[in-house]
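In what follows, chains carry the letters A, B, and so on, assigned in the order in which the sequence lines appear, proteins first and then strands, with residues in each chain numbered from 1.
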There are 2 protein chains.
Amino acid sequence: MDVMSSVVDPGTGAASERIAADLRARILVGEIAPGERIRQEEVAERLGASRIPVREALRMLSAEGLVELETNKGARVPRLDEREVEVLYRMRERIEPLALIQSMPHLSESDLQRIEGIQEQIEQGVDVTAFLTLDREFHMATYAGCATDQLLASVTRLWNSTQHYRRAFMMINGPGRQWIVNAEHRLLLDALTRNDAEDAERYLVGHIRRTRMELTKHPEIFTP
Amino acid sequence: MDVMSSVVDPGTGAASERIAADLRARILVGEIAPGERIRQEEVAERLGASRIPVREALRMLSAEGLVELETNKGARVPRLDEREVEVLYRMRERIEPLALIQSMPHLSESDLQRIEGIQEQIEQGVDVTAFLTLDREFHMATYAGCATDQLLASVTRLWNSTQHYRRAFMMINGPGRQWIVNAEHRLLLDALTRNDAEDAERYLVGHIRRTRMELTKHPEIFTP
DNA sequence: GGGCTTGTATCTGGATCCAATCTGTGGAAA
DNA sequence: TTTCCACAGATTGGATCCAGATACAAGCCC
């Protein structure tokens, strides 16, 4: 009907996955805010598909923690309060060190170089959006060696669910105290290079825990 | 087409949820084994519905870790190897203590009495299937006070994914060493009654960790 | 005879249409 | 004026039908 803007794009072959990818990106970037409703038909006609694959996509996103579904009432991006985000961060403090420990033995030299490359990009000074992306890439790269799908999926859910509030925090506070993140990342990276699991876990927990405490010190993030 | 056997049943109002509940029960009870495929049409006609709600149900179960979906290849119950189950147990060792700590402050006197009632049932001697159900109820009851959906959902996923291997273990080993479980449960329950979070966490971790080590000592569970 | 190709049956993915539920607005009665 | 109810538009859930992909088996070529 509308211009098939991406005629060339063969997609992944599955429409529902393309739709999920589109919505995922829009939610993570903040284009669709917490509390906002997602109507099936609107998405369907915007992407030139029927509502069926949209529903499948919404189920996928629900499993990723990016939307919540209520029977007969549709889908919306979850709006979390201060306490829920705090618990999600405490989950991160326990799960991500495990992912790191499981991953470490399988990280190659080139993996570590790639991680350091990401950190160098972060240190060159980037805006909030770019930082959020690079920070996520940094940590996910450190977990990439862990072979268990469920573990990676859990970590992804936690990052997804808290993404909006990380952004809100940085929008308000600016990039100030960025040096702390850099220091933490560098210490973590050094521990990985030394293959010191104990230190790596220590720095990672500290990194997440500090972020949690900073976030929960700013209640204005949770009341829009 | 076939006899509308449950014409009277209004269900929960949503067919996909009823279908999901049916499949969930059959998988958890071992009626559908790991590796087994689930065909949409077969389920649909057995429950007198079309394939659409079946697909929704499969997506729900996928989010719960009970099935895995592959594009154009359908759904099957995940078959895990020894290493995957070990990682899932290590996740349990980290996540469930958090759920317990978050839950404890909200557990009432009657909650604790109910938990003790479940433990008394376990101690009266039950078969494997009943034990699996009661053990799950016992622990879930201790987590019931934790108000965060994502935390409970994570715990549920971990129990779901490992359920089959717990059952396989008990089928082989018989109910021997049941006294250990009872002792651990009693110590945990006592710590909860004393409102001693530190002890509660200690006993819970020990309980899960011991189970993990017993399970991973029996590779025959994972090679059917 | 073995390996590759091809054809067909089976199954999943998606589109369209219909039914059931929710939401919001307007009006009537207290 | 406020509250409750009823009705209509909007939105989701489900059924049926069609298209595309996969899997398996028979047949062909080397």
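- Judged by distance alone, the side chains of Ser154(A) and Arg157(A) do bring a donor and an acceptor atom under 3.5 Å apart.
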Could you list the donor-acceptor pairs under 3.5 angstrom formed between side-chain atoms of residues 67-78 of chain A and any protein atom two or more places apart in sequence or on another chain?
from, atom 1, to, atom 2, distance (Å)
Thr71(A), OG1, Glu17(B), OE2, 2.6
Arg76(A), NH1, Gly35(A), O, 2.6

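- Using bins of under 30°, 30° to 60° and over 60° for the plane-to-plane angle, the ring pair Phe169(A)/His218(A) lands in the perpendicular bin.
- Taking the six-membered ring where the residue is Trp, His185(A) and Phe138(A) present parallel rings, their angle staying beneath 30° rather than reaching 60°.
- With Glu84(A) contributing its side chain and Asp81(A) its backbone, the two residues share a donor-acceptor pair below 3.5 Å.
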remark   = Protein heavy-atom contacts under 4.0 Å, written 5' to 3' over nucleotides 9-23 of chain D as B (base), S (sugar-phosphate only) or - (none), form the string --SBBBBB----SSS
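- To the nearest angstrom, C1' of dT12(C) lies 15 Å from CD of Glu42(B).
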